[in-house]
Amino acid sequence: MNLRYLLVFVACFSLLAIAGAKAQGTPAPRSLEVLRAEIDRVDGEVLALLNARAAIVAEVGAGKATSGGPVFRPGRQAALLRRLLSRNAGPQTAQTQTAQTLVQVWTAIIAGSILQQKPDFRVAVAGDGDEARLAQSFFGAAIPQSRFAKPAEALEALVSGQADAAVLPAGGSWWLDVPQGVRIVAAAPLLRAKDAPAGALILTRSEGDPSGADLMLVRLSGAPPAGGTVLARAGANSLVALPPASTVPPGATALGLMAAPLTSNP
C-alpha cells in the first residue's frame, strides 16, 4: 500500500481511539508506560490488518482490470458503513457523536482502496467551499479534486473523462439537463440527521449499485407522488427521491439510485 495512504489510515485509527477514550468512563488507571506499550501493540496490529486488506484490494483490482468494473462503488460504501454502525458496540457507539469519527476512518480506508486500484481517480466539484468540504467528507482527503465555478463545467469534466465523479450542489437547476449516460449515485453528507437535507449530489458515468436501503431519483413536472421527497425545484419541475419499490411516475425521468442517508442511530 502507498505509504502516504497507510499513514493516513493509521492517523485516522489513532483519532478513533482518542475519541473513544473521551466517550466512556476511565477504568482503574494504569501507568503511562503500560498504556503506551498497549497503544504500540494495537498500532502494529492495525498496520498488519491494513496491509492484509490492501493485499485483498490488489486482487480485486486485478479482477476489475479484466472485467472493467468501476472502482468507486457508492452503494457498497454505504452498505459497509451502515453495517459497521449497526454492529459497533463501542466505545465508538453509534449513539454518540463519535459515529462521525468511525465513518471518517473507513472513508479514508475506502479512499486508499480506490486510489490503489486507480491512482488517477479524481472528483470534479462545482460550487463554493461547501461543496468541496462535502466532497471531502464523502471521498476522503486523499482523493484529488478539480474545482469548477459552474455545474455544467463539472459535468463536462465528468463526461469527457477528466474526472471519475462529480459533486454538485443539491439545489439549483442543473438536474434539468443531466447528460446522457450520467447518473446520480449518492448524496453528501452520507451521515446526517434523518430529516436533514443533502448538501450535494454525486454523479458518475455508471449506474449506482444498491446498498440495501436506497432511494430512486426522478425528475418530474407537477406534484410529486405520495412518499416522495422533493430535493430541489425549478419552476414546475422537481427532483424527487422515491422509495426504491416505487415505479417511475408517468412522464418522469429516472436519474439514478442512491443510498438512503445514514444516521448516528441506525
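All residue numbers in this chain count up from 1 along the given sequence.
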Rounded distance (nearest 0.5 Å) linking atom CD1 of I202 with atom CG of L168
9.5 Å
To the nearest 0.5 angstrom, please state how far the OG1 atom of T107 sits from the CG atom of L102.
9.5 Å
What residues, two or more places apart in sequence or in another chain, satisfy side-chain hydrogen bond (donor to acceptor under 3.5 Å, both in side chains) together with S160?
Q162
Approximate separation, where rounding is to 0.5 Å, of L191 CG and L81 CG
8.5 Å
Just checking, is any N or O donor in the side chain of S31 or R36 under 3.5 Å from an acceptor N or O on the other one?
no
Can you run down the salt bridge (charged side-chain N to carboxylate O under 4.0 Å, His left out) pairs that involve residues 153-168, sequence neighbours left out, and say none if there aren't any?
K118-D164
With sequence neighbours left out, which residue pairs that include part of residues 223-246 fulfil the side chain to side chain donor-acceptor pair (under 3.5 Å) condition?
R233-S238
Other cluster members, I39 - Ile/Leu/Val/Met/Phe/Trp/Tyr, side-chain contacts below 4.5 Å
none
Within residues 198-226 or reaching into it, pairs that qualify as ring-ring contact (aromatic ring centres under 6.0 Å, His included) - sequence neighbours excluded:
none
Please tabulate, for side-chain N and O atoms in residues 127-143, each donor-acceptor pair with protein atoms closer than 3.5 Å (sequence neighbours left out).
unit_1, atom_1, unit_2, atom_2, d
D128, OD1, D130, N, 3.0
E131, OE1, D128, N, 3.0
S137, OG, L134, O, 2.7

Only pairs at least two apart or in different chains count here, so list each ring-ring contact (aromatic ring centres under 6.0 Å, His included) that has a residue in residues 184-239.
none
Residue set satisfying side-chain hydrogen bond (donor to acceptor under 3.5 Å, both in side chains) with R41, at least two apart, ordered chain then number -> E38, E45
May I have all residue pairs that pass ring-ring contact (aromatic ring centres under 6.0 Å, His included) and include part of residues 155-208, sequence neighbours excluded?
none
Could you work out the complete set of other residues in the hydrophobic cluster of V34, with links drawn between I, L, V, M, F, W and Y side chains under 4.5 Å apart?
none
Can you list everything that forms a salt bridge (charged side-chain N to carboxylate O under 4.0 Å, His left out) with R205? Sequence neighbours excluded, please.
none
For R183, salt bridge (charged side-chain N to carboxylate O under 4.0 Å, His left out) partners two or more places apart:
E207
In Å and rounded to the nearest 0.5 Å, what is the CZ to CD1 distance from R73 to I110?
11.5 Å
